Amino acid sequence: MDNTIITRFPPSPTGSLHVGGARTAVFNWLYARAKKGKFILRFEDTDQERSTKESEEEILEAMEWLGLDYDEGPFYQTKRSDVYQKYADILIEKGLAYYCTCTQEEVEAMREKAKAEGRKPKYDGRCREKGLKKTEGAVLRIKAPLSGTCIIKDVIKGNIAVPYEELDDFVIQRSDGTFTYNFAVTIDDLTMGVSPVIRGDDHVSNTPKQIIIYEALGEKVPEFGHVPMVLGSDKKRLSKRHGAMSILEYKKLGYLPDAVINYIVRLGWSYGDQEFFTRKELIEKFSLENIGRSPGVFDPEKMLSINAEHMQNSDDDFLCRIISSQSKIPVSDKLKLAVNVYKSRAKTLIELEDSIKVYFTDEFEYSEKAAKDNLKESSKEILKSFADKLGAIKDFTHDEIDAAFNQVLADHEIKFPKLAKPLRVALTGTAQGAGIHETLDLTGKDKAIERIEKAIMWINGNKC
RNA sequence: GUCCCCAUCGUCUAGCUCGGUCCAGGACACCGGCCUUUCACGCCGGCGACAGGGGUUCAAAUCCCCUUGGGGACGCCA
């Protein structure tokens, strides 16, 4: 018809969207966006036992959070059996599919035997030429080529050759009338015009089966792109214990969706030495050719640091809105200032919120060590005289504050840190954080005096 | 067992298509230092890899073969 690129993401709603799944979703989405094509969402829910509505909703929510919008769907395989039946009938008519009445036990026995003889475990095709009619308990099998080689044209891995002898006459329709995964996927991709089919590495061995179906139907075989798996730190397939939790967990942990996408894409794909990408840049620069061929290990630390980088590069207003919605602190110039000053000190949105909330509440505690080291008897007078000077200030400007600093410093014959450090602890409860001017600005004059007095009381109380 | 895929610092990777510019570059982590009232940020420097063995070649991380290692798949699951 036309050359529009159509990609798809086909999760089975049997669990949440985790890192690996999200990555193939992102690759498909990016490629469609990069090529100005279409991105389709399709739920492969033919496994009625394990599919749940909750999983479906969670996947939808995760995709929305990541900003992976789709142009068509979501489609549901369970609602498309009539389409599959139509194509199965074509195959039967062409004599390229046949009914088989072997029991599962019989087939299992064949496989055991073949295995024992050192051959590939497979169905031996005993019903292939029997011309059996459809009967209770019969399955529909495809007539697979007996010889020759299947060439998978893979845009990522290059051509892959698999001898047809490796495959058997696999089942395309179960005895209960439902269709198997390989058949449903193929018909879906075919009828939805999907190409390239971008999916995980673990599907390469399914691909020859699907090619057999396309060819039996006399249809054009799409292009494939198999992306390598994501591994855990032990080089084993990623699982919960490696931190392969739901992608939504990262939202809870305070990650930015763009950072998650950046990390996930860069794991297995590269663009020279560049590490940091905005979503826009990714769409501009993404290409299938630059996806690597080897599996990659998921590194939570690197993802964290990419997130920190995205935080730093984020617009203050944008960060402000997120912090406000997650913390109930209303958006204000003060919040914006706080975000601006603290965003380079936080690796996640949660850390950011934690570090600035002291400016929006009167309830905060001194960190034990910070108080012990800085709120000492010797700091009392210094703090006291600074509070007095502050009280006398007319304009709460940096110049006036500096003047107050200098006076206190001169009066007590001390260096700046002797005042600044206890002051920061008095104002924020911790020994580290923003510069003292920013800290004062965020606290406000009256609150600053109040907190200094509170700190002095604390020193007095602590003494006894 | 059989088939398929893969192999550069601890990890993600550049380089491999067109062998020499690579005694291998960047990033995370780690270790020093600078900046600085603190902590971050930033900047500078350090540590650290072509799995092994054979070829081909004047020359190999780059091409070929073998070995080893890792991953995946062999269902009326997806």
Side-chain angles (χ1 to χ4, degrees), chain A residues 10-12 14 44-47 49-51 77 100 102-104 107-108 111 114-123 137-141 152 154 157-158 160-163 165-168 170-182 184-185 200-208 226 228-229 231 233 235-237 263 266-276 289-290 292-306 308-309 312 341-347 355 370 374 405 415-421 423-425 430-437 439:
Chain A
S12 53
T14 54
E44 312 215 315
D45 56 348
T46 54
D47 187 344
E49 298 277 305
R50 297 190 298 148
S51 298
Q77 290 191 324
C100 163
C102 296
T103 63
Q104 295 194 48
V107 177
E108 187 51 37
R111 280 196 257 268
K115 217 168 177 176
E117 290 166 5
R119 289 180 292 113
K120 188 103 176 173
K122 46 183 212 178
Y123 172 70
V139 297
L140 188 63
R141 288 180 184 276
I152 303 171
D154 194 303
K157 291 173 174 291
I160 300 171
V162 180
E165 290 96 280
E166 290 301 315
L167 307 173
D168 62 1
F170 57 93
V171 174
I172 59 176
Q173 187 173 24
R174 303 183 185 96
S175 52
D176 66 1
T178 59
F179 292 87
T180 58
Y181 166 76
N182 280 119
V185 166
D201 221 352
D202 49 341
H203 283 289
V204 292
S205 50
N206 280 322
T207 307
H226 290 99
M229 305 267 82
L231 275 23
S233 51
K235 303 270 180 118
K236 289 282 193 297
R237 197 175 177 151
Y263 174 72
R266 203 28 257 259
L267 174 56
W269 172 84
S270 62
Y271 190 79
D273 284 338
Q274 189 172 343
E275 301 271 352
F276 179 89
E289 296 73 50
N290 290 327
R293 295 134 294 260
S294 50
V297 174
F298 179 73
D299 182 0
E301 291 225 58
K302 185 147 185 173
M303 186 158 102
L304 219 210
S305 92
I306 285 283
E309 211 175 331
Q312 259 193 81
V341 167
Y342 279 91
K343 69 179 181 182
S344 67
R345 285 164 234 260
K347 290 182 190 297
S355 59
N374 298 287
F405 276 146
K415 298 261 195 216
F416 191 60
K418 282 271 188 222
L419 166 58
K421 286 183 162 191
L423 181 56
R424 178 178 293 103
V425 177
T430 91
Q432 68 249 42
I436 204 68
H437 271 126
T439 305

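Since this is a predicted model, take the numbers as computed values, not measurements. Lettering follows sequence order; numbering is per chain, from 1.
- Between A:Lys122 and A:Glu166, no side-chain nitrogen of the basic residue sits less than 4.0 Å from a carboxylate oxygen of the acidic one, so the salt-bridge criterion is not met.
- Under the Watson-Crick or G-U wobble criterion, with both distances below 3.5 Å, B:A49 has no partner in any strand shown.
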inquiry  = Within the 4.0 Å limit for protein heavy atoms, which parts of nucleotides 44-50 of chain B are touched? Write it as a string from 5' to 3', B for base, S for sugar-phosphate only, - for none.
reply    = -------
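- If you take CE of A:Met229 and C1' of B:A78, they are 13 Å apart, rounded to a whole angstrom.
- Judged as a ring pair (Phe, Tyr, Trp, His ring centres under 6.0 Å), and not counting sequence neighbours, A:Tyr271 has no contacts.
- Between the side chain of A:Asn206 and the base of B:A73 there is no donor-acceptor pair of N/O atoms closer than 3.5 Å.
- A gap of 23 Å separates the P atoms of B:G52 and B:U57, to the nearest Å.
- In this model, the phosphate group of B:C76 is approached by a side-chain N or O of A:Arg111 to a distance below 4.0 Å at OP1 or OP2.
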task = Using a 4.0 Å cut-off on protein heavy atoms (strictly under), produce a 5'-to-3' string for nucleotides 10-18 of chain B with B for base contact, S for backbone-only sugar-phosphate contact, and - for none.
result = -SBSS----
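- A:Lys347 meets the side-chain hydrogen bond (donor to acceptor under 3.5 Å, both in side chains) test with no other residue; sequence neighbours excluded.
- Qualifying side-chain hydrogen bond (donor to acceptor under 3.5 Å, both in side chains) partners for A:Thr178, counting only residues two or more places apart in sequence or in other chains: A:Arg174, A:Asp176.
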Output side-chain donor-acceptor pairs under 3.5 Å for residues 294-301 of chain A, partner residues at least two apart or in another chain, one line each.
{"residue": "A:Asp299", "atom": "OD1", "partner": "A:Glu301", "partner atom": "N", "Å": "3.1"}

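- Between A:Lys120 and B:G1 there is no side-chain polar atom (N or O) within less than 4.0 angstrom of OP1 or OP2.
- A salt bridge between A:Asp201 and A:Lys157 is present, with a side-chain N of the basic residue lying under 4.0 Å from a carboxylate O of the acidic one.
- With sequence neighbours excluded, no residue forms a side-chain hydrogen bond (donor to acceptor under 3.5 Å, both in side chains) with A:Gln173.
- Taking the side chain to side chain contact (heavy atoms under 4.5 Å, CB included) definition, one finds that A:Arg345 meets it with A:Val341, A:Tyr342, A:Ala434, sequence neighbours left out.
- For B:A73, the paired base is B:U2 (Watson-Crick or G-U wobble, both distances below 3.5 Å).
- Judged as a side-chain hydrogen bond (donor to acceptor under 3.5 Å, both in side chains), and not counting sequence neighbours, A:Tyr123 has no contacts.
- Interface remark: the A:Thr180 side chain does not form any donor-acceptor pair with the B:C76 base, using a distance-only criterion of under 3.5 Å.
- A close approach under 4.0 Å does not occur between any side-chain nitrogen or oxygen of A:Ser305 and OP1 or OP2 of B:A27.
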